[in-house]
Chemist: 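Just dropping this structure here.
Numbering of ligands and ligand atoms starts at 1, following listing order.
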Amino acid sequence: MALSVIGTLAQAPAPAMACYRPDAAGKVLLPIAGMGVAMARLPQIGMSTLEHPAVYCLVQGKACLVTDAKSSLHADAGLGSLVAAMKAAPALLSIPLRDRERNQAVAVLILGGTADELRRFQHSDEWSALLDIFQRLLAYARQREQTQPDATKRGKPSATTDGDARRVEEALVGRSVVARRLRADVIAAAESQMSVLITGETGVGKDHAAWLIHQVSPRRSKAFVPLNCAAIAPDLIAAELFGAAKGAYTGADRSRPGLVAAADGGTLFLDEIGDMPLPLQGTLLRLLNEKRYRPLGEVEERSSDFRLICATHRPLPELVRQGQFREDLYFRIRQLSLSVPALRERRADILVLAEHAIAQHNREQHANVTGLSAEAGALLIAHDFPGNVRELLTLIQVACERVDGTGLIDADGLRGLLVQDKPAEGTPSSSPDASPLADSLMQTTSLVQACEIFEKKVIADRLKHFNGSRLRAARSLGIPRRTLAHKCKKFGLEGTP
Ligand SMILES: Nc1ncnc2c1ncn2[C@@H]1O[C@H](COP(=O)(O)OP(=O)(O)OP(=O)(O)O)[C@@H](O)[C@H]1O
């Protein structure tokens with residue numbers, strides 16, 4: 001097939017072609033190969049605006065055909081020099097080249113020609129074969145870069161050091177292939193300036209990964225500023241992010257700087273981005289594209305140079321389909337994506353994480369728990385951990401306290417902690433009105449709302465059972481106290497810290 005493609009291309013008038021890849025900082029697209037163009041004339045393309053079709057194509061992961069590349073509109077977006085280098089092509093077609101493993105756009109192929117030629121070519125067999133060849137070559141080049149850095153790269157200072165790699169190795173515990181890849185992804189993300197979207201079930205370590213990316217990035221000396229979009233009333237998020245002038249809203253008795261200003265030079269981490277209210281999503285997109293914003297009640301715009309990391313356990317593509325999340329924002333925040341798999345998909349990490357938690361307990365409590373018995377280890381490996389790493393760490397904490405100072409955690413020490421279907425020992429039995437609640441939830445027309453009602457009911461019951469103690473309620477539910485506090489705030493529940 002490859003030979004026939006080359007044969008076909010040789011007979012046809014050769015289209016001008018250029019291949020572009022983002023630089024390590026994610027700030028510009030650099031030309032890496034060309035055919036029928038003067039390589040030296042191919043311009044670098046700034047990545048700060050989605051107006052440029054090549055940037056749009058890379059960020060959105062979609063092909064983009066510009067039929068009138070020479071119009072003044074596109075000249076404004078910086079297309080002029082590219083068009084000139086592509087033999088003054090009347091139309092340009094940008095196609096994303098993907099990393100096969102993660103299906104993520106990593107480079108862009110730009111073709112110049114007439115709009116009809118490009119449309120015909122785009123739907124031909126030759127074209128799909130050519131794309132396949134490019135993607136294979138790119139994958140080969142990337143693999144070579146990772147395994148044998150070339151002479152020009154050797155000695156070149158990299159944003160992260162061996163010390164950073166060690167730090168990631170120590171903080172992101174795990175010996176599975178998945179954990180190793182996650183550590184490599186964290187380092188790669190730290191070396192780039194692109195926006196990162198971290199996805200995964202609750203408790204897998206998304207916040208942890210975001211914090212680590214910042215800690216080994218060149219921005220580490222500046223602030224890491226987190227905001228949990230699910231833990232704050234939707235109408236307060238804008239003031240929290242952008243800040244507000246005195247009197248901008250009821251209760252604003254003094255002016256306050258927002259988190260965007262606090263993140264200047266550092267990292268802004270938007271956790272649970274799937275819960276960002278729709279009207280605010282447009283404002284966030286503008287902020288990301290222009291790095292400018294206006295505090296509530298102020299006239300002057302401000303700027304902030306922050307790096308964005310977002311996380312969510314919700315299926316954003318599904319929310320996009322349902323019209324609850326803006327598609328353009330989705331593509332903008334996932335210039336890089338990092339998926340953290342559930343613990344049941346990386347069982348090889350369970351025992352090392354348990355040992356890590358025991359060592360931490362010994363350090364903090366001046367205890368001497370020596371480890372896990374073989375039987376206890378086997379029980380842990382067989383468990384599905386719906387609450388993921390958080391559940392495992394909390395469970396080991398409780399088991400360590402049961403050991404009473406020195407000794408092994410045995411199977412009895414895990415008693416009642418590994419139950420999945422029935423409530424764990426020490427947790428309340430289901431409340432008498434559970435069935436009417438379940439019945440009413442089954443009638444719902446909103447799954448999100450039904451889940452929230454159920455979550456609120458479980459937390460309220462658990463707080464009642466533990467006489468309002470958030471600490472004990474959080475432990476019994478396998479979530480950190482901070483998360484429970486956020487949820488109490490969200491649902492308007494009382495409780496004592
Ligand atoms: N690989 C790991 N090594 C050591 N600790 C980890 C690892 N992964 C997660 N943790 C720890 O597990 C706990 C839960 O992680 P984290 O809060 O980051 O999860 P999350 O996915 O952000 O959860 P949520 O969706 O509820 O926000 C944290 O205490 C975190 O430090």
Chemist: Which of the atoms of ligand 1 are close to T202, meaning less than 4.0 Å from one of its heavy atoms?
Modeler: 24 (P), 25 (O), 26 (O)
Chemist: Does ligand 1 come near enough to T483 that some N or O of the ligand is less than 3.5 Å from an N or O of the residue?
Modeler: no
Chemist: For atom NZ of K222, is the number of surrounding heavy atoms from other residues, nucleotides or ligands below 6.0 Å larger than 12?
Modeler: no
Chemist: Does any N or O atom in L393 lie less than 3.5 angstrom from one in ligand 1, N or O only?
Modeler: no
Chemist: Can you tell which of V204, L172, I198 gets a heavy atom nearest to atom 8 (N) of ligand 1?
Modeler: V204
Chemist: If I compare all heavy atoms of A189 with all of I213, which pair ends up nearest, and what's the gap?
Modeler: CB-CD1, 3.8 Å
Chemist: Indicate yes or no: does an N/O atom of V173 lie under 3.5 Å from an N/O atom of ligand 1?
Modeler: yes
Chemist: Please could you name the atoms of ligand 1 that L353 approaches to less than 4.0 Å, counting only its heavy atoms?
Modeler: 2 (C), 3 (N), 4 (C)
Chemist: Among H356, R390, H486, which residue places a heavy atom closest to atom 24 (P) of ligand 1?
Modeler: R390
Chemist: Report the relative orientation of the aromatic rings in F385 and H383; use parallel for angles under 30°, tilted for 30 to 60°, perpendicular for over 60°.
Modeler: perpendicular
Chemist: Taking the non-hydrogen atoms of G203, is any one of them nearer than 4.0 angstrom to ligand 1?
Modeler: yes
Chemist: Please state which part of H313 comes within less than 4.0 Å of ligand 1, counting heavy atoms only: side chain, backbone, both or neither.
Modeler: neither
Chemist: Which class fits the ring pair F224 and F269: parallel under 30°, tilted 30 to 60°, perpendicular over 60°?
Modeler: parallel
Chemist: Above 12 or not: heavy atoms from other molecules or residues under 6.0 Å from CZ of R482?
Modeler: no
Chemist: Find all atoms of ligand 1 within a distance of less than 4.0 Å from any non-hydrogen atom belonging to A171, and give their numbers and elements.
Modeler: 3 (N), 4 (C)
Chemist: Nearest non-hydrogen atom to atom 25 (O) of ligand 1 belongs to which of E201, K206, K487, E170?
Modeler: K206
Chemist: side-chain contact (heavy atoms from CB on, under 4.5 Å) between H361 and L393: does it pass, once the steps are laid out?
Modeler: CA-CA 10 Å; H361 170 84; L393 300 184; over 6 Å; no
Chemist: Count the heavy atoms of every other residue, nucleotide or ligand shown that sit under 6.0 Å from NZ of K62, and state whether that count exceeds 12.
Modeler: yes
Chemist: Tell me, do R314 and D275 make a side-chain contact under 4.5 Å, heavy atoms counted?
Modeler: yes
Chemist: Please identify which atoms of ligand 1 are closer than 4.0 Å to at least one heavy atom of G205.
Modeler: 8 (N), 9 (C), 15 (O), 16 (P), 18 (O), 19 (O), 20 (P), 21 (O)
Chemist: Return the residue, atom name and 0.1 Å-rounded distance of the protein heavy atom closest to atom 10 (N) of ligand 1.
Modeler: V389 CG1, 3.5 Å
Chemist: Can you tell me the protein heavy atom closest to atom 7 (C) of ligand 1 and the distance?
Modeler: H208 CD2, 3.7 Å
Chemist: Does the protein place a non-hydrogen atom closer than 4.0 angstrom to atom 28 (C) of ligand 1?
Modeler: no
Chemist: Can you tell if the side chain of Q193 reaches within under 4.5 Å of the side chain of R219, non-hydrogen atoms only?
Modeler: yes
Chemist: Heavy-atom count around E375 CD within 6.0 Å, excluding the residue itself: above 12?
Modeler: no
